[in-house]
J.: 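Attaching a single structure in structure tokens format; questions to follow.
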Number of protein chains: 2
Amino acid sequence: MGASVTSRVFDLLGAFDAGHRSLTLSALARRAGMPLATAHRLVADLRRCGALDRRPDGEYVIGRRLWDLGLLAPVQTGLRQAASPFLHDLYGATLATVHLAVRDGVSALYIDRLAGHVSVPIVSDVGSRLPLHATGVGKVLLAHAPDDVVAAALTRLTRITPYTLTEPARLLAQVRRIRADGYATTGEEMSLGACSVAVPVRGPADEVVAALGIVVPTLRRERPRLVAALQVAAQGIARTLQ
Amino acid sequence: MGASVTSRVFDLLGAFDAGHRSLTLSALARRAGMPLATAHRLVADLRRCGALDRRPDGEYVIGRRLWDLGLLAPVQTGLRQAASPFLHDLYGATLATVHLAVRDGVSALYIDRLAGHVSVPIVSDVGSRLPLHATGVGKVLLAHAPDDVVAAALTRLTRITPYTLTEPARLLAQVRRIRADGYATTGEEMSLGACSVAVPVRGPADEVVAALGIVVPTLRRERPRLVAALQVAAQGIARTLQ
DNA sequence: TACTTGCCTTCCGCTGAACGGAAGGGGTGC
DNA sequence: GCACCCCTTCCGTTCAGCGGAAGGCAAGTA
């Protein structure tokens, strides 16, 4: 990368991720690939700006200043606002964890999430990215992605659980069925004990702009009811987006 | 402030706020108080890092990179997660806009928000700060703040609507009543056509850690029912926090 | 106690990157 | 034509960032 101070700052901040929300100074320096003394100075600067906080145990975490700034980012603001009430309705109707995701390259980017009291084991969180082949919303986004994205995604079918689909042919068949049926399902393909149903959310030009999904312990005979509830919500969002 | 590049970067980013989510280069330079050429270079750096985006119309907005980073900040993560399901319950019971806020100095910092289909005019949003004297959650937080904070807050009773309380004595009387009653109300004190009810959320040591509030068009005879619903939710959150 | 290993912090001389005034290029209004 | 407002680029000066090195803690090992 460039050698500007700015890029160094973001190299350093890039050391944080969903699995590393707090780091020691040396871990920061190591992960960012810079000398300890340099990291030390940068961290001091960032702390002065409120971009980093130091917890009592000495580890550093992202500061409130960055939280503030991040919330100002126009990441699908319109979509999130339009969808918000329908997500609640959906939660009310299903009592399941509800997800709203958009496609970001070959990943599903979760832009909203609504967890219930009883949550099945779930790895997603707002801001996290998950592969397109192992989740309900991912499959929906995959089914409505351009051909080159589908091709790229099919080359990275990493196995996550024993039930994850890793054969391109089978996934491709599912993609076709999802397009025809208008919804996708998964069964413990992302995490054991969690099944999911998802439907596309369409924009004014009928293009798929997002995916709306729920996660439940088991589908059993609920599938038709859940799909119906999802479709009602998705259509509501679509009408609001008009 | 310091003159480090890092602090300059945050001076520049600080030009963005809830009312200025997109800015031209010159506006950025002006608001950050730096020469245009300097702002130009910094903006170029930030864009390269994904911290800023340029919209088609030429204005700059906070980029997705900062959104990602901001979501990693441990801003009341535990509280938000514990509260989330109860916020939904509360929405289900009241169909009102639901707010969760903590005190940040002499402001109420909104850390979660849940808007319904029919939303009364509301200025708050997640990440925004509002004064302690003009909102339901603000008054609750004020009523349970240390004396010096109360004193400081009483010196800044800015008028927002014709109904805003600006006399320290009257506000102080309300604060006492709020402590006694266990809930606060407002009537169009922050925005016309919006009333609110709020209750404290207590932590393991029975200290007030947050305020939970709802905004409705009018209180009428609903007040007892709304207060009851709020208290149920607040107690649920408190139990989860144990 | 003495040694090691891991943290964090401070120092300091060199150097190249940041700085910002100035100049220039496009657009719009009058 | 001129005036005004944007944005962009250039370039010589200078000073702030750099990072190796040294040192100070605290915990674990012999």
Side-chain angles (χ1 to χ4, degrees), chain A residues 1-66 69 72-74, chain B residues 1-66 69 72-74:
Chain A
M1 295 233 180
S4 68
V5 179
T6 308
S7 71
R8 277 168 207 273
V9 164
F10 280 90
D11 284 350
L12 192 75
L13 292 174
F16 293 95
D17 63 31
H20 301 84
R21 289 170 184 249
S22 71
L23 294 167
T24 63
L25 178 61
S26 4
L28 267 168
R30 210 178 311 121
R31 288 172 60 88
M34 61 178 66
L36 191 61
T38 306
H40 183 260
R41 186 169 23 79
L42 285 180
V43 162
D45 284 351
L46 288 169
R47 209 138 76 95
R48 215 171 302 124
C49 297
L52 285 184
D53 273 346
R54 186 165 206 186
R55 294 191 318 194
D57 64 4
E59 300 218 341
Y60 292 96
V61 293
I62 300 283
R64 183 175 280 179
R65 185 78 188 275
L66 282 176
L69 285 171
L72 296 174
Chain B
M1 294 233 178
S4 68
V5 178
T6 307
S7 72
R8 276 168 208 276
V9 163
F10 280 91
D11 285 349
L12 192 75
L13 292 174
F16 292 95
D17 62 31
H20 301 84
R21 287 168 185 253
S22 71
L23 294 167
T24 62
L25 177 61
S26 4
L28 267 168
R30 209 179 313 122
R31 289 171 60 87
M34 59 178 67
L36 191 61
T38 306
H40 183 260
R41 186 168 23 80
L42 284 180
V43 162
D45 284 352
L46 287 168
R47 210 138 75 96
R48 215 172 302 123
C49 297
L52 285 183
D53 274 346
R54 186 164 205 186
R55 293 192 319 195
D57 65 5
E59 300 218 341
Y60 292 95
V61 293
I62 301 283
R64 182 176 279 178
R65 185 78 188 276
L66 281 177
L69 285 172
L72 296 175

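By convention in this document, chain letters (A, B, ...) are assigned in the order of the sequence lines, proteins followed by strands, and residues within each chain are numbered from 1. Scope of the values below: all heavy atoms of this structure, side chains included, with no hydrogens, waters or symmetry mates.
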J.: Would you check if A/Ile62 and A/Phe16 make a side-chain contact, meaning some heavy-atom pair closer than 4.5 Å?
T.: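 In contact.
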J.: By nearest heavy atom, map A/Arg54 and A/Val5 onto DNA chain C; which one lands nearer the 5' end?
T.: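 Final value for this comparison: A/Arg54.
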J.: Among all residues two or more places apart in sequence or in another chain, which pass the side-chain hydrogen bond (donor to acceptor under 3.5 Å, both in side chains) test with B/Arg21?
T.: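 Listed in chain order: nothing, the list is empty.
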J.: Taking atom P of C/dA17 as reference, at what distance in whole Å does atom CG of B/Asp45 sit?
T.: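 Computing the B/Asp45:CG to C/dA17:P distance gives 12 Å.
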J.: Where do A/Gly63 and B/Ala73 come nearest, in terms of heavy atoms and distance?
T.: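 Smallest heavy-atom distance, with atoms named: O-CB, 3.7 Å.
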J.: Salt bridge or not between B/Asp53 and B/Arg65? Use side-chain N to carboxylate O under 4.0 Å.
T.: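 Not counted as a salt bridge, because no side-chain N and carboxylate O are separated by less than 4.0 Å.
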J.: Is the closest basic N to carboxylate O distance between B/Asp17 and B/Arg31 below 4.0 Å?
T.: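 Yes, B/Asp17 and B/Arg31 are salt-bridged.
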J.: Between C/dG20 atom P and B/Leu12 atom CG, what is the distance in whole Å?
T.: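 It is 13 Å, rounded to the nearest whole Å.
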J.: Given atom CG of A/Asp57 and atom P of C/dC7, what is their separation to the nearest angstrom?
T.: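 That distance rounds to 14 Å.
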J.: Looking at residues at least two apart in the chain, or sitting in another chain, which of them share a side chain to side chain contact (heavy atoms under 4.5 Å, CB included) with A/Asp45?
T.: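 A/Asp45: side chain to side chain contact (heavy atoms under 4.5 Å, CB included) contacts with A/Arg48, B/Ser4, B/Thr6.
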J.: Answer yes or no: is there a side-chain heavy-atom contact under 4.5 Å between B/Leu13 and B/Leu66?
T.: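 B/Leu13 reaches B/Leu66 side chain to side chain.
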J.: Would you check, one step at a time, whether the test side chain to side chain contact (heavy atoms under 4.5 Å, CB included) holds for B/Leu28 with B/Leu12?
T.: CA-CA 7 Å; B/Leu28 267 168; B/Leu12 192 75; 4.2 Å; yes
J.: Quick one: bend of the helix from C/dT1-D/dA30 to C/dC30-D/dG1 from 5 pairs per end, to 10°?
T.: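 Answer rounded to 10°: the end axes differ by 30°.
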J.: Set out, in order, the CA-CA distance, both residues' side-chain angles and the distance that settles side chain to side chain contact (heavy atoms under 4.5 Å, CB included) for A/Tyr60 and A/Leu46, then state yes or no.
T.: CA-CA 11 Å; A/Tyr60 292 96; A/Leu46 288 169; over 6 Å; no
J.: Quick one: how far along DNA chain D does chain B reach, first to last nucleotide 5' to 3', anything under 4.0 Å to a heavy atom?
T.: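 Contacts span D/dC6 to D/dG17, reading 5' to 3'.
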J.: To the closest 0.5 Å, what do you measure between CG (A/Leu52) and CZ (A/Arg64)?
T.: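 These two atoms lie 14.5 Å from each other.
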J.: Rounded to whole angstroms, how far apart are CG on A/Leu42 and P on C/dA17?
T.: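 Computing the A/Leu42:CG to C/dA17:P distance gives 15 Å.
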J.: Could you pull out all residues at least two apart from A/Arg41 that satisfy side chain to side chain contact (heavy atoms under 4.5 Å, CB included)?
T.: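 A/Arg41 satisfies side chain to side chain contact (heavy atoms under 4.5 Å, CB included) with A/Thr38 once adjacent residues are dropped.
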J.: What residues from residues 33-41 of chain B pass a heavy-atom cutoff of under 4.0 Å to DNA chain D?
T.: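 The stretch gives B/Leu36, B/Ala37, B/His40 as the residues lying under 4.0 Å from the strand, ordered by number.
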